[in-house]
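Side-chain atoms are counted along with the backbone in the values below, which use heavy atoms only and exclude waters and symmetry mates. FYI, the numbering just counts along the sequence from 1.
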Amino acid sequence: MSGTHRAVALLSGGLDSVTAASIARKDGYEVYALTFNYGQRHTWEIASAKKVAAQLKAKEHKIINIDLTAFGGSALTSDLPVPKDRTLETMSAEIPATYVPARNTIFLSIALGWAEVLGAADIFIGVNAVDYSGYPDCRPEFIRAFETLANLATKAGVQGSAKYRIHAPLIAMSKAEIIRTGVGLGVDYSMTHTCYDPSPLGESCGVCDACTLRLKGFEEAGLVDPIPYVSHR
């Protein structure tokens, strides 16, 4: 694409979201970063999102408060234990306890509202369906359905002043491919946070599903993960 256009990028502070936002920048978009403090188990990822937004030179970075602990239903928003020491086969066999009900639907809906105000027709999200931990809202079918909804549910979409596009550039990549892509774009992965259950000092546990997939990705990419871990296999 030519010229500069605005895009809203969902930025959790994790590896995938910063890579997706970096792709948006590479493609010529002016990035408006959006992070959610939704009552998750820890706030380390929000601190990471602030660092990453600065690294990306985001035009603006909003942190929105939503209390999803009011519903619970997830190991990330309640006292349910975080699954650990699981094999990749076990991870892919079921929707895990770390699934937050309707999280990406909620996040994309708010991103859509901001995009309409900004006059931005593009939203970037770092979902992935290859190294896949069972989340239904990380599938291509979901992204396509939400894009259809976006163009039906907004004034800009109905009046034809915008044609909304939900970009999920990582959706068909392996974790190793995502990491190699980010390294090629100059992403500093030492700023990112992925762990579901970090130590009080913010060290990653090394054995939750998110850590397992991240470590596997760095190993397959032939790189060393630059973040600190309490332990890992």
Side-chain angles (χ1 to χ4, degrees), residues 10-22 33-56 58 61 63 65-69 72 74-88 90-92 96-100 103 107 126-128 131-135 138 170 174-183 185-233:
L10 296 179
L11 195 66
S12 69
L15 183 154
D16 293 341
S17 69
V18 65
T19 307
S22 296
L34 184 59
T35 301
F36 294 94
N37 180 7
Y38 60 91
Q40 56 268 55
R41 293 176 74 97
H42 60 84
T43 57
W44 291 107
E45 63 182 20
I46 297 172
S48 292
K50 291 177 181 178
K51 295 176 187 176
V52 166
Q55 181 196 26
L56 286 167
H61 181 207
I63 300 174
N65 295 314
I66 310 171
D67 185 14
L68 296 185
T69 64
S74 168
L76 301 187
T77 56
S78 72
D79 293 330
L80 292 171
V82 171
K84 293 184 177 179
D85 293 302
R86 302 205 307 161
T87 65
L88 297 174
T90 303
M91 286 183 212
S92 63
T98 50
Y99 164 69
V100 179
R103 180 175 61 179
F107 289 179
V127 294
N128 174 256
D131 281 335
Y132 172 58
S133 54
Y135 297 137
C138 289
L170 316 183
S174 70
K175 194 67 74 177
E177 289 170 334
I178 292 168
I179 291 165
R180 290 192 199 102
T181 297
V183 169
L185 293 173
V187 173
D188 181 356
Y189 285 122
S190 71
M191 293 185 178
T192 63
H193 183 92
T194 301
C195 181
Y196 291 146
D197 194 22
S199 76
L201 297 176
E203 299 166 311
S204 296
C205 73
V207 290
C208 69
D209 292 359
C211 284
T212 298
L213 291 171
R214 178 176 172 130
L215 285 164
K216 172 178 174 283
F218 272 96
E219 181 181 359
E220 291 180 352
L223 299 168
V224 176
D225 191 345
I227 66 171
Y229 284 88
V230 175
S231 66
H232 60 80
R233 292 185 292 271

If you compare all heavy atoms of [X] against all heavy atoms of [Y], which two are closest, and at what distance to 0.1 Å?
| X | Y | value |
| --- | --- | --- |
| P96 | R86 | CB-NH2, 3.5 Å |
| A176 | A221 | CB-N, 3.8 Å |
| L11 | A49 | CD2-O, 3.6 Å |
| E45 | Q40 | OE2-NE2, 2.7 Å |
| P83 | A97 | CG-CB, 4.2 Å |

I need the [X] [atom1] to [Y] [atom2] distance, nearest 0.5 Å.
| X | Y | atom1 | atom2 | answer |
| --- | --- | --- | --- | --- |
| L88 | L213 | CG | CG | 6.0 Å |
| I179 | F218 | CD1 | CZ | 4.0 Å |
| L68 | L76 | CG | CG | 10.5 Å |
| I63 | T35 | CD1 | OG1 | 5.5 Å |
| T212 | K84 | OG1 | NZ | 10.5 Å |
| Q55 | T192 | CD | OG1 | 9.5 Å |

Whether [X] side chain and [Y] backbone form a donor-acceptor pair below 3.5 Å:
| X | Y | result |
| --- | --- | --- |
| S48 | M191 | yes |
| T69 | G72 | no |
| S22 | G182 | no |
| S17 | S12 | yes |
| S190 | P226 | no |
| E177 | S174 | yes |
| R41 | A75 | yes |
| N128 | L170 | yes |

Matching residue for R214 among I178, I227, D209 - test: side-chain contact (heavy atoms from CB on, under 4.5 Å): I227

State which residue, out of C211, C205, C195, S199, fulfils the side-chain contact (heavy atoms from CB on, under 4.5 Å) condition with Y229. C211

What verdict does the side-chain hydrogen bond (donor to acceptor under 3.5 Å, both in side chains) test give for R103 and Y38, after you've listed the backbone C-alpha separation in whole Å, the side-chain angles of each residue and the deciding distance to 0.1 Å? CA-CA 9 Å; R103 180 175 61 179; Y38 60 91; 2.8 Å; yes

Side chains of [X] and [Y] in contact at under 4.5 Å (non-hydrogen atoms):
| X | Y | value |
| --- | --- | --- |
| Y135 | V100 | no |
| P198 | E203 | no |
| H61 | L34 | no |

Before accepting this row, confirm whether a basic side-chain N of the pair K175/D16 lies closer than 4.0 Å to the acidic partner's carboxylate O. yes

Give the ring-plane orientation class for F36 versus F107, where under 30° counts as parallel, over 60° as perpendicular and anything between as tilted. parallel

Count the heavy atoms belonging to other residues, nucleotides or ligands that lie under 6.0 Å from CG of D79, then report whether that count exceeds 12. no

